[in-house]
Amino acid sequence: MDEEYDVIILGTGLKECVLSGVLSVSKRKVLHMDREKYYGGASASMTPLSELFSKFKDGGEADEKIYGRGRDWNVDLCPKFLMASGQLVKLLIHSGVTRYLEFKSVAGSYVYKKGGKIHKVPASEKEALATSLMGIFEKRRFKSFLSFMNNFEEGNPKTWSGIDPNKTTMTEVFAKYNLDSNTQDFAGHAIALYRDDEYLKQPCLDFIKRCRLYFESLSTYGTSPYLYPLYGLGELPQGFARLSAIYGGTYMLDKPIEKIEYDENGAVCGVTSQGETARCKMVIADPSYFPDKVRKDGQVVRAICLLKQPIPNVNNATSCQIIIPQNQIGRKSDIYVLCVSYTHNVAAKDWYIALVATTVETSNPEEELKPGLELLGPIHKKFVEVSDIMVPTDDGSTSKVFITKSYDPTTHFETTCDDILELYKRATGEEFDFSQVQQDLAAAQQEQ
């Protein structure tokens, strides 16, 4: 292993594998190692089902008489949906990883309203007029608001309806259309996918872009803006790992990391495993490899629930997302509910997998999930985990160690992609250019 690499990557979570694939395509020499025997890290898929039971050590067993064949299960520890027109799908298309994967559209996107009812998120003018989420006059106001969003063109001030996207705050935009607090809540949290209400004080351009991404993604398949890979998210890191290997990346699983080597200037220069040192110019890693370079920034509580029936009140959907906006239940953070099923090849026939997740705010994390758990109907088996959210304290400018953030409670990949793009810029000094990935890929293919 006594070779020099441009980049050594530690951990095989989705973020690390995406960066490994992209850097390999752009002709960097990459060595990718993980102390575990499997891909995925904190975002791994558990298969067979016995792996999930053994991870949570609750004394239960994955009895095949109850749960069907264990190998029919692929349970994601950190499940998330992909926006059909979002950053991760663009990256999958541009990098060619789509040839290793098959996706299925998610049946519905829902939002919770005070009082316990869930409603399909209206994301078109027609749906806005039909929804029971709003009264008749509010529907008309929301229809005008959606019309403004759909007609908005950033480069054409004539489409701005008197709103300056770089100065007018979202509070002012909502006031202009006279939208009530409930409508603001679902627009901000279930369409624009903000995690808190800080966006209300910001210029409205980011909100408009997020809404347009939602509408654009929705128009791709029509049922919801979300996609999910058959056989679970474990397929994603492996797809990027294959991409990296095709373009010269080297992968080593089950490699314990014994020491990180630094030069006299404090910059990383190598990684030692099993007595051998691989030299490098930089290291990219998940937070677990550098406890001295990260800090805790809160916690996430997740409940993985195995169900024998679809979630009630979602039209028997075999997959869906439900967002519970913070203000509807008097919290500081949203609660996210996600459901996938046997139709995605992640569970045995007629079984459903639901996730309920949120940011921990009290000393009783599981109790905080109650509003989401109550939406699921009878729960056959529940696994609860509280995870620390770790963020880097070192930007890597001196040490050349670049660390990803832990996964947040959201049930979509947009924040994950933001972290990938931000780390790519810190590590390479360049903005991530989706079209450049395509050009690098074409050039590399010609050389082969």
Distance alone, cut at 3.5 Å: any donor-acceptor contact between the side chains of [X] and [Y]?
X	Y	result
N364	T362	no
S224	S109	no
T12	E36	no
T358	R331	yes
S288	R35	yes
T169	T171	no
Y194	D206	yes
T411	Y226	no

Under the ring pair (Phe, Tyr, Trp, His ring centres under 6.0 Å) test against W73, which residue among Y231, W351, F53, Y342 passes?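 Of the listed residues Y231, W351, F53, Y342, the ring pair (Phe, Tyr, Trp, His ring centres under 6.0 Å) partner of W73 is W351.
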
Minimum-distance pair of heavy atoms, taken over all atoms of [X] and [Y]:
X	Y	result
D408	R195	OD2-NH1, 3.4 Å
E361	K332	OE2-N, 3.0 Å
Q87	D418	NE2-OD1, 3.3 Å
H32	G11	NE2-O, 2.6 Å
T318	A107	N-CB, 4.5 Å
S341	Y352	CB-CD2, 3.5 Å

Euclidean distance, [Y] [atom2] relative to [X] [atom1], rounded to 0.5 Å:
X	Y	atom1	atom2	result
L101	L236	CG	CG	5.5 Å
I311	N316	CD1	CG	11.5 Å
Y199	L193	OH	CG	11.0 Å
D419	T415	CG	OG1	8.5 Å
Q184	L200	CD	CG	6.5 Å
T47	E51	OG1	CD	7.0 Å

Whether [X] side chain and [Y] backbone form a donor-acceptor pair below 3.5 Å:
X	Y	answer
R212	M149	yes
E258	G275	yes
T168	P165	no
R279	Y5	no
Q328	P325	no
N74	N345	yes
D76	L233	yes
T223	V106	yes
E414	G86	no
D388	Q299	no

(request) Carefully, step by step, assess Y251 and C17 under the rule side chain to side chain contact (heavy atoms under 4.5 Å, CB included). (result) CA-CA 10 Å; Y251 269 74; C17 287; 4.2 Å; yes

Taking 4.0 angstrom as the limit, do [X] and [Y] come out as a salt bridge?
X	Y	result
E422	K405	no
K29	D6	no
E366	K382	yes
D394	R426	no

Taking everything shown except [X] itself, do over 12 heavy atoms lie less than 6.0 Å from its [atom1]?
X	atom1	value
Q274	CD	yes
K308	NZ	yes
K293	NZ	yes
E430	CD	yes
N265	CG	yes

Could you check N327 against D197 for side chain to side chain contact (heavy atoms under 4.5 Å, CB included), going step by step and ending with a plain yes or no? CA-CA 9 Å; N327 295 326; D197 283 345; 2.9 Å; yes

Is any side-chain heavy atom of [X] less than 4.5 Å from a side-chain heavy atom of [Y]?
X	Y	answer
F56	E385	yes
I118	V337	no
I284	L23	yes
C280	C269	no
I335	Y112	no
R28	T428	yes

Do K15 and Y407 meet the cation-pi criteria used here (NZ or CZ under 6.0 Å from the six-membered ring centre, within 45° of the axis)?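 Cation-pi check for K15 and Y407: passes.
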
field: side chain to side chain contact (heavy atoms under 4.5 Å, CB included) between V89 and F103, intermediate numbers included
entry: CA-CA 10 Å; V89 169; F103 290 90; 5.9 Å; no

Can you confirm whether or not the ring centre of H412 sits under 6.0 Å from the ring centre of F81?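 No, they do not, as the ring centres are separated by 6.0 Å or more.
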
Discussion item. One pair to check against side chain to side chain contact (heavy atoms under 4.5 Å, CB included): I403 and D286. What are the steps and the verdict?
Written reply: CA-CA 6 Å; I403 304 168; D286 78 40; over 6 Å; no

Aromatic plane relationship, Y67 with H380 - under 30° parallel, 30 to 60° tilted, over 60° perpendicular: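 Correct class here is perpendicular.
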
